[in-house]
Amino acid sequence: MNESRIKSNIQISENYFLMEIESPDDIKDIKPGHFLNLRVNSINSTDPLLRRPISIHDYNPESGSVFLLYKRVGRGTEILSTYKKDDKINFLGPLGNGFTVDFKKKKILLMGGGMGAAPLYYLCRVLSRENRLTVLLGANDKDELVYFLEIFKNTGAEVHSASIDGSCGHKGNVIDLCLMENIYDYDYIYSCGPVPMLKELQKLAFEKDLKGEFSLEERMGCGIGLCLSCVCKTVKGNQRVCKEGPVFPLEEVIFE
Amino acid sequence: MLEIDLSTKLASLELKNPVITASGTCGFGEELNEYIDIEKLGALTVKGITVKAWSGNKQPRIAETPSGILNSIGLENPGITGFIDEKLPVLANYRLPVFVNISGHSIDDFVFLAEKLAPYPEISGIEVNVSCPNIEGGGMAFGTDSSLVYQVTREVRKVYPGIVILKLSPNVTDIVEMAQAAEEGGADVISLINTLLGMKIDIKRRKPELGNIFGGLSGPAIKPVAVRMVYQVASKVKIPIIGMGGIMSGSDAIEFLMAGASAVAVGTAAMVNPVLLLKIIDEIRDFMKDNKITKLSEIIGQALL
């Protein structure tokens, strides 16, 4: 368990917030795909009771900063959005297995739906050093895409976007973009986002025999493998998203 | 320097302190051991085991409520064979008493499980779960009928030589009747309470939040109900009680001990912060020190009139 100082916590769009926290000295190995399980109440309060799992959006070992990007959707993230610079935040982590990152000279596709793009950014930064990356981003509207478009473009990756209301990029969903791309071309695919999107992408991947990884979301209890709240179905049987995941080979996940 | 004795007795078994993990919230020990030295605990109660491996209920399995959690995990577990082959050898490496929680659909199931676990001296006892709200056609049904509680206890008692703990459901009209049935059936220890049956509705979707519709409520929200039930049972039965329900701190634990529990189990708190398990032990010790109490037994049942 750790406690870190918050360096900043800024609102970047109507409901998106970016929190920068000091990386604890004893934590060196933060991989893309890891998450932190944050306590969002004051220390003796029991409400809200559970921690909130938030993926690592970026990590900068030089400045000693961990970045968390979150969407204000409920009570927990509402409280999180009120934290100020120099407040302390208590968390467990980094947790989870993380993405595979040891690729070189490959053509890689990243696909993010909504907030699913958040953990893909650190991955994109790490992979873009020695690989050719294409990033497909999908969201409801422009407001949810502007920030992501800018940061992903800065990595040197080729970036395309789709919005349901047509206010940014292609009008439609991110799967349409995927169909426009020559998906055969890619050596590996990473994706994170809503289940219907992942399900469609898995179908395409099976048709073209493509390999890759999905980072899954599920409601968590403990976040450390104790309670079996967050299990998902895979070809290996039930797996804990918090412990064996959140990243799974895309061909192993069974969607219902 | 005041010498503080935190030890407590559950029938023939002595625990070095009264803090036990509640079933289903500590995995099979090894996950928890990554965060705390589990050998510092009084005992470990592992995840509920059934005759066959179960994959549990559909998602979502958990929902947050005011100071509480509703869960409907549905007893996902590797089955008795999987447990004995894969989990027990790991558990046997830890030097602390281990209780194995067992669940069934019938008396035969419970007897079968107890027989299977009987040959293993590395297990100190079995916790007979007649109170799980999350399984169909069994589980809680056993714990809401005192004649069934009596029968299950008696049959398990015949085949199991170690400590038999009966875990009771709070979803009953008269908890004392259930506890007395367990005592008459030959239980060594009673543990209570299991979760309270509850429900949450997602008003945006206009649907139940849990995939299984209903779930078991745990956490600080249920503590007053649990303390009341421990108190009622302690007033009427002679066998020791493991009290549980929303314990988050040493003072919460002491309430249960004063209500008549000989030991306490901690579940939801471990999910929020595993370190709390050990902190609770420290806080009980601090309370005793501050109040010049040298033996835990001096606290147990103190609030009983």
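All values below were derived from every heavy atom in this structure, side-chain atoms included, with hydrogens, water molecules and symmetry-related copies excluded. Within every chain, numbering begins at 1; the chains are lettered A, B, ... in the order of the sequence lines, protein sequences first and strands thereafter.
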Report summary line: Closest non-hydrogen atoms of Leu226(A) and Ala270(B), given as atom of the first, atom of the second and distance, are CD1-O, 3.9 Å
**Report entry** Over all atoms of both residues, closest heavy-atom pair of Ser55(B) and Asn238(A)
**Finding:** O-ND2, 2.8 Å
Query raised in the report: Which region of Lys243(A), side chain (C-beta onward) or backbone (N, CA, C, O), has a non-hydrogen atom less than 4.5 Å from a non-hydrogen atom of chain B, or is it both or neither?
Result: side chain
Query - Minimum-distance pair of heavy atoms, taken over all atoms of Cys227(A) and Ile73(B) - result: O-CD1, 3.4 Å
Requested in this report: Name the option with the most non-hydrogen atom pairs under 4.5 Å to chain A; the candidates are Glu30(B), Arg61(B), Glu34(B), Gln59(B).
Outcome: Gln59(B)
Requested in this report: Would you give the length of the straight line joining atom CG of Asn273(B) to atom CG of Leu49(A), rounded to the nearest 0.5 angstrom?
Outcome: 11.0 Å
Report task. Starting at CG of Asp47(A), measure out to OG of Ser67(B) and round the result to the nearest 0.5 Å. Result -> 4.0 Å
Report task. Supply the atom-to-atom distance Asn57(B) CG to Leu228(A) CG, rounded to the nearest 0.5 angstrom. Result -> 11.5 Å
Requested in this report: Could you tell me whether the side chain of Val272(B) reaches within less than 4.5 Å of the side chain of Cys222(A), counting heavy atoms only?
Outcome: no
Report summary line: Under 4.5 Å to a heavy atom of chain B? For Glu256(A) that would be neither
Requested in this report: Output yes when Glu64(B) and Arg51(A) qualify as a salt bridge under the 4.0 Å nitrogen-oxygen rule, no when they do not.
Outcome: no
Query raised in the report: In terms of heavy-atom pairs under 4.5 Å with chain B, which of Ser229(A), Gly74(A), Gly237(A) leads?
Result: Ser229(A)
Requested in this report: Count the heavy atoms of every other residue, nucleotide or ligand shown that sit under 6.0 Å from CZ of Arg205(B), and state whether that count exceeds 12.
Outcome: yes
Query raised in the report: Above 12 or not: heavy atoms from other molecules or residues under 6.0 Å from NZ of Lys142(A)?
Result: no
Query - salt_bridge(Arg240(A), Glu31(B)) N-O dist < 4.0 Å - result: yes
Query raised in the report: Do Val231(A) and Glu76(B) have side-chain heavy atoms sitting under 4.5 Å apart?
Result: yes
Report summary line: Whatever's closer than 4.5 Å to a heavy atom in chain B on Leu50(A) counts as both
Query raised in the report: Between atom CG of Leu210(B) and atom CZ of Arg219(A), what is the distance when rounded to the nearest 0.5 Å?
Result: 7.0 Å
Requested in this report: Can you measure from CD1 (Ile62(B)) to SG (Cys230(A)) and round to the nearest 0.5 angstrom?
Outcome: 9.0 Å
